[in-house]
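Just so it is clear, the model here is predicted, and its values are computed rather than measured. One is the number of the first residue; the rest follow in order along the sequence.
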Amino acid sequence: MFGTNSIEPVQTADSQTRKPRVDDDVPIREATPAEQRRHRPADAQTDAIAKQHNLYTNERWKTRIYYSDYQQKSEVMRAKPQQITTKLDDRQTVSAMLDLAQSRGWRTVKLRGSEAFKREVWVQAQVRGIKAEGYTAKNTDLQEAERRKVAAAPVAAAPVAALAKETTPRPARKPKTAEPQQRAQEKAVWNVVESNGKQARQQDSVKPTEKPAEKPSAAAVAA
């Protein structure tokens with residue numbers, strides 16, 4: 001048998017007091033391998049749980065085996081109609097097992113295996129609303145379960161918050177402020193300098209030309 005850790009459904013009072021059907025007295029034979037292959041669902045190589053947890057599956061008689069790799073070297077868990085087993089006790093594996101149990105409608109489960117496995121299953125079961133038997137919770141387990149419930153609560157409210165954020169109108173943009181006073185003063189000074197320089201250039205352009213100096217006469221030279 002694969003692994004020592006397992007969860008199994010617990011028969012409830014409703015299932016035990018079920019009224020027998022008309023065909024309950026008719027003996028039912030086990031299907032042959034050929035009949036099982038013929039009536040096997042088209043998606044037998046995978047399922048919703050495998051897709052959700054990125055696992056690979058393979059059928060072996062009445063057992064569905066889940067792997068973490070396509071080469072089937074790392075086995076995660078095995079699922080029979082009334083039992084899910086594993087050798088692991090990590091949070092991801094337990095989450096996949098409980099997801100599978102919930103998809104089968106198991107509301108109360110029986111825990112078997114190591115203390116670490118049963119503790120993790122019990123804590124996750126409290127968050128999911130599943131009753132877990134076979135483990136006596138410690139005070140720290142109760143605290144962890146409450147913390148995970150609080151951590152899981154905002155996940156459901158996240159889409160609502162995102163929608164409210166999208167529908168909230170954006171505030172109007174403020175008009176751009178005028179240039180700083182210092183920058184305006186510098187600009188005014190440069191305007192004055194440029195204006196003065198322009199006026200000086202204009203005055204230089206209209207200044208009368210000087211006459212050339214006259215040569216002294218011969219009499220002035222002789223004297």
Side-chain angles (χ1 to χ4, degrees), residues 1-18 43 45-165:
M1 178 180 176
F2 173 73
T4 56
N5 304 322
S6 68
I7 60 176
E8 304 172 2
V10 176
Q11 297 293 335
T12 61
D14 295 337
S15 61
Q16 294 176 354
T17 58
R18 182 183 62 86
D43 62 342
Q45 296 303 319
T46 185
D47 57 15
I49 305 302
K51 292 179 180 179
Q52 180 179 350
H53 293 272
N54 196 27
L55 300 176
Y56 301 85
T57 61
N58 187 27
E59 301 290 331
R60 186 178 300 175
W61 192 235
K62 294 182 179 181
T63 304
R64 175 169 291 184
I65 307 175
Y66 292 77
Y67 301 91
S68 61
D69 64 316
Y70 74 96
Q71 296 179 340
Q72 303 181 20
K73 294 181 179 180
S74 300
E75 193 167 322
V76 177
M77 63 182 181
R78 294 189 178 190
K80 294 182 178 181
Q82 295 297 318
Q83 188 184 52
I84 306 173
T85 60
T86 184
K87 290 181 180 179
L88 310 175
D89 57 12
D90 59 281
R91 183 179 298 190
Q92 292 77 10
T93 300
V94 171
S95 177
M97 296 175 73
L98 288 177
D99 282 341
L100 181 57
Q102 281 187 308
S103 68
R104 294 179 173 183
W106 298 359
R107 304 305 305 167
T108 304
V109 294
K110 179 70 175 180
L111 310 182
R112 303 179 188 275
S114 66
E115 287 295 304
F117 171 77
K118 291 189 292 185
R119 176 181 294 109
E120 182 61 31
V121 176
W122 186 91
V123 171
Q124 291 196 31
Q126 300 307 302
V127 180
R128 296 167 178 265
I130 299 177
K131 184 178 180 181
E133 299 180 355
Y135 177 74
T136 302
K138 300 177 177 60
N139 188 32
T140 53
D141 300 331
L142 297 173
Q143 297 175 29
E144 179 65 13
E146 290 300 323
R147 292 182 181 181
R148 294 195 191 183
K149 288 179 181 179
V150 173
V155 176
V160 178
L163 180 60
K165 184 178 181 180

Next on the checklist: Keeping Ser95 on the side-chain end and Gln92 on the backbone end, is there a donor-acceptor pair under 3.5 Å?
Outcome noted: no

Item to check | salt bridge (charged side-chain N to carboxylate O under 4.0 Å, His left out) pairs, two or more places apart, involving residues 111-126 | outcome: Glu8-Arg112, Arg91-Glu120, Glu115-Lys118, Arg119-Asp141, Glu120-Arg148

Next on the checklist: Please report the interatomic distance CZ(Arg78) to CG(Asn58), rounded to the nearest 0.5 Å.
Outcome noted: 10.0 Å

Checklist entry - Do you know which two heavy atoms are closest between Ala145 and Gln126, and how far apart they sit? => result CB-CB, 4.1 Å

Next on the checklist: To the closest 0.5 Å, what do you measure between CZ (Arg104) and CG (Asp99)?
Outcome noted: 12.5 Å

Next on the checklist: What's the separation between atom CG in Leu55 and atom OH in Tyr70, rounded to the nearest 0.5 Å?
Outcome noted: 16.0 Å

Checklist entry - Say you draw a straight line from CG of Leu142 to NZ of Lys138; how long is it, rounded to the nearest 0.5 Å? => result 10.5 Å

Next on the checklist: Let me confirm one number: the OG1-CD distance from Thr85 to Glu75, rounded to the nearest 0.5 Å.
Outcome noted: 8.0 Å

Checklist entry - Taking Thr86 for the side chain and Val76 for the main chain, is one N or O donor matched with an acceptor at less than 3.5 Å? => result yes

Next on the checklist: Strictly distance-based, threshold 3.5 Å: is any side-chain N or O of Arg107 a donor or acceptor partner for the main-chain N or O of Gly129?
Outcome noted: yes

Item to check | Interatomic distance, Met97 atom CE to Ile49 atom CD1 [nearest 0.5 angstrom] | outcome: 12.0 Å

Checklist entry - Do other residues, nucleotides or ligands put more than 12 heavy atoms under 6.0 Å from the NZ atom of Lys131? => result no

Item to check | Closest approach of Ile130 to Leu98 (non-hydrogen atoms, all atoms of both residues) | outcome: CD1-CD2, 4.4 Å

Checklist entry - For Asp69, what residues pass the salt bridge (charged side-chain N to carboxylate O under 4.0 Å, His left out) criterion, not counting sequence neighbours? => result none

Item to check | Distance-minimising heavy-atom pair for Asp89 and Ala116 | outcome: OD2-CB, 3.4 Å

Checklist entry - Any idea which heavy atoms bring Gly134 and Lys110 closest together, and the distance? => result CA-NZ, 4.0 Å

Next on the checklist: Does any part of the side chain of Ser114, heavy atoms only, come nearer than 4.5 Å to the side chain of Thr4, both counted from C-beta?
Outcome noted: no

Next on the checklist: Show the nearest heavy-atom pair for residues Asp47 and Ala50, with the distance to one decimal.
Outcome noted: OD1-N, 2.7 Å

Checklist outcome for this item: Heavy-atom nearest pair, Trp106 first then Ile7, reads CZ3-O, 3.9 Å

